[in-house]
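Structure, as structure tokens:
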Amino acid sequence: MTSNRKGTLRVVGGVWPWLLLATVAALYGLARVKGGFAYGLAAGKNLVDFLLEMASILPPVFLLVGLFDVWIPREVVERYAGRRSGLKAMPWMILLAMLQAGPIYAAFPFAVSLWRKGCSPRNVFIYLGAFSALKIPMLTFEVTFLGWKFSLARTAVSIPVFVILAILMERLLPAQYEPPRREDPSAR
Amino acid sequence: MIFLWIIAGAALVVSLAVDRRKTRLAVIKGSKMLTAVAPLMLGVLAAVSLALAAVSPEMLKQVLAGGGPLPFLMALIIGSIALIPGYVAYPLAGILRQNGASVGVLAAFITTLMMVGVLTLPLEARFFGWRVAWIRNALAFVGALVVALCMTLVLT
């Protein structure tokens with residue numbers, strides 16, 4: 001009974017992304033055929049924009065993650081960004097994140113492989129924090145539309161906030177916590 | 001974005017020059033990871049597309065460009081749920097400011113937008129596990145609130 005239910009859940013889990021995609025496609029198609037259906041057009045346009053963004057960012061990201069995985073030994077990550085690396089890793093994690101581009105979900109793959117290679121959770125979350133708040137391409141947009149005062153104030157306040165959050169994250173997780181290995185091909 | 005392709009391309013060339021077998025392994029690993037998460041990503045993005053289409057810039061203007069605590073609260077909530085790329089979000093924030101949105105509201109909207117992602121939770125959980133995803137988003141929400149309040153104090 002329970003295994004049966006688990007099987008059903010797995011099927012639902014595998015199907016819902018395609019159902020949602022089909023829904024957007026159907027709404028867009030309907031809007032094109034009937035006309036005057038702004039919601040369908042907008043949803044379709046949003047999805048196309050997202051897909052273009054995904055296609056322009058994810059291939060190089062995953063290629064770099066694969067190369068990182070193969071070439072960088074665990075000891076190196078552990079020594080420079082592990083639990084005993086102290087504070088010197090912090091500015092480097094922030095700098096690394098600032099040079100990135102793209103939506104936050106593009107940062108997850110690299111953050112996870114860092115974590116698996118022995119990077120401390122604190123440094124992983126500092127990386128994610130800096131990625132979400134301090135990406136240089138994003139800052140240029142911010143300065144253009146909201147002014148340098150706004151940008152400067154937000155940056156100055158954000159850095160201590162996400163560093164403190166990262167320290168809290170590390171404290172809240174069990175010491176031996178490791179991210180799940182589901183998407184890792186070597187685990188299969 | 002072009003920068004990213006150049007770096008990845010250069011890394012690939014160097015890797016190929018040094019060790020072909022290792023490079024092959026790296027490419028296989030990377031593409032397997034990508035294909036493993038791609039369906040979930042597509043689903044999440046489809047959901048976000050549907051949600052975003054229901055909200056027009058006009059509506060945001062009406063909800064966020066007033067005084068008092070309500071626009072601030074709404075900015076926190078909308079920013080947490082939505083996933084809007086920076087090149088759309090910042091022009092939108094600029095328009096909101098011209099329509100009288102306060103610094104606090106703009107800061108709340110922008111910071112939650114960047115740090116908190118309710119709709120992308122399934123994706124985050126796929127990489128880090130549900131526990132990490134929930135804790136990170138809850139903490140990030142508090143952090144965004146702190147940032148927004150500090151900015152209100154500093155800039156007004």
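Throughout, a chain's letter reflects where its sequence line sits, starting with A, and its residues are numbered from 1. Just so you know, these numbers use all the heavy atoms, side chains as well, and skip hydrogens, waters and symmetry mates.
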If we define contacts as heavy-atom pairs under 4.5 Å, which of [options] has the most with chain B?
options: A/L172, A/V61, A/L21, A/V65; result: A/L21
options: A/A111, A/G66, A/P60, A/P109; result: A/P60
options: A/Y105, A/W71, A/F68; result: A/W71
options: A/K149, A/M138, A/E178; result: A/M138
options: A/S56, A/P160, A/P121, A/G102; result: A/S56
options: A/L47, A/L173, A/V161; result: A/L47

Against chain B, label [X] side chain, backbone, both or neither, depending on which of its atoms sit under 4.5 Å from a heavy atom there.
X: A/I57; result: both
X: A/L41; result: neither
X: A/E53; result: side chain
X: A/Y177; result: side chain
X: A/L146; result: both

Decide yes or no for A/L27 and A/F37: does some side-chain heavy atom of the first lie under 4.5 Å from some side-chain heavy atom of the second?
-> yes

Sub-4.5 Å side-chain heavy-atom contact between B/F109 and B/L76 = no

If you count heavy-atom pairs under 4.5 Å between each of [options] and chain A, which one has the most?
options: B/L50, B/L4, B/V44; value: B/L50
options: B/P39, B/A93, B/A51; value: B/P39
options: B/T35, B/I2, B/V154, B/L155; value: B/L155
options: B/M114, B/R136, B/M115; value: B/M114
options: B/P91, B/A144, B/C150; value: B/P91
options: B/T120, B/L12, B/V27; value: B/L12

Take a 6.0 Å sphere around [atom1] of [X] and say whether it holds more than 12 heavy atoms from other residues, nucleotides or ligands.
X: A/K34; atom1: NZ; value: no
X: B/W5; atom1: CH2; value: yes
X: A/W92; atom1: CH2; value: no

Toward chain A, the part of [X] with a non-hydrogen atom under 4.5 Å:
X: B/A54; value: both
X: B/L83; value: both
X: B/I110; value: side chain
X: B/S31; value: neither

When rounded to the nearest 0.5 angstrom, what is the spacing between CZ in B/F72 and OG in B/S102?
-> 8.0 Å

Do A/M54 and B/M33 share a hydrophobic cluster, counting only Ile, Leu, Val, Met, Phe, Trp and Tyr and linking them when any side-chain heavy atoms are less than 4.5 Å apart?
-> yes

Are A/F110 and A/Y127 close enough that their ring centers fall under 6.0 Å?
-> yes

Between the main-chain N or O of A/S85 and the side-chain N or O of A/R79, is there a donor-acceptor pair closer than 3.5 Å?
-> no

Please test B/N137 against B/E124 for side chain to side chain donor-acceptor pair (under 3.5 Å), starting from the C-alpha separation and ending with a verdict.
-> CA-CA 10 Å; B/N137 278 276; B/E124 197 170 338; 3.1 Å; yes

Mind telling me whether A/F125 and B/F128 have parallel, tilted or perpendicular rings, with 30° and 60° as the class edges?
-> tilted

Do the charged groups of A/R154 and A/E142 touch, with an N to O distance under 4.0 Å?
-> yes

Are A/E78 and A/R74 close enough for a salt bridge, meaning some N to O gap below 4.0 Å?
-> yes

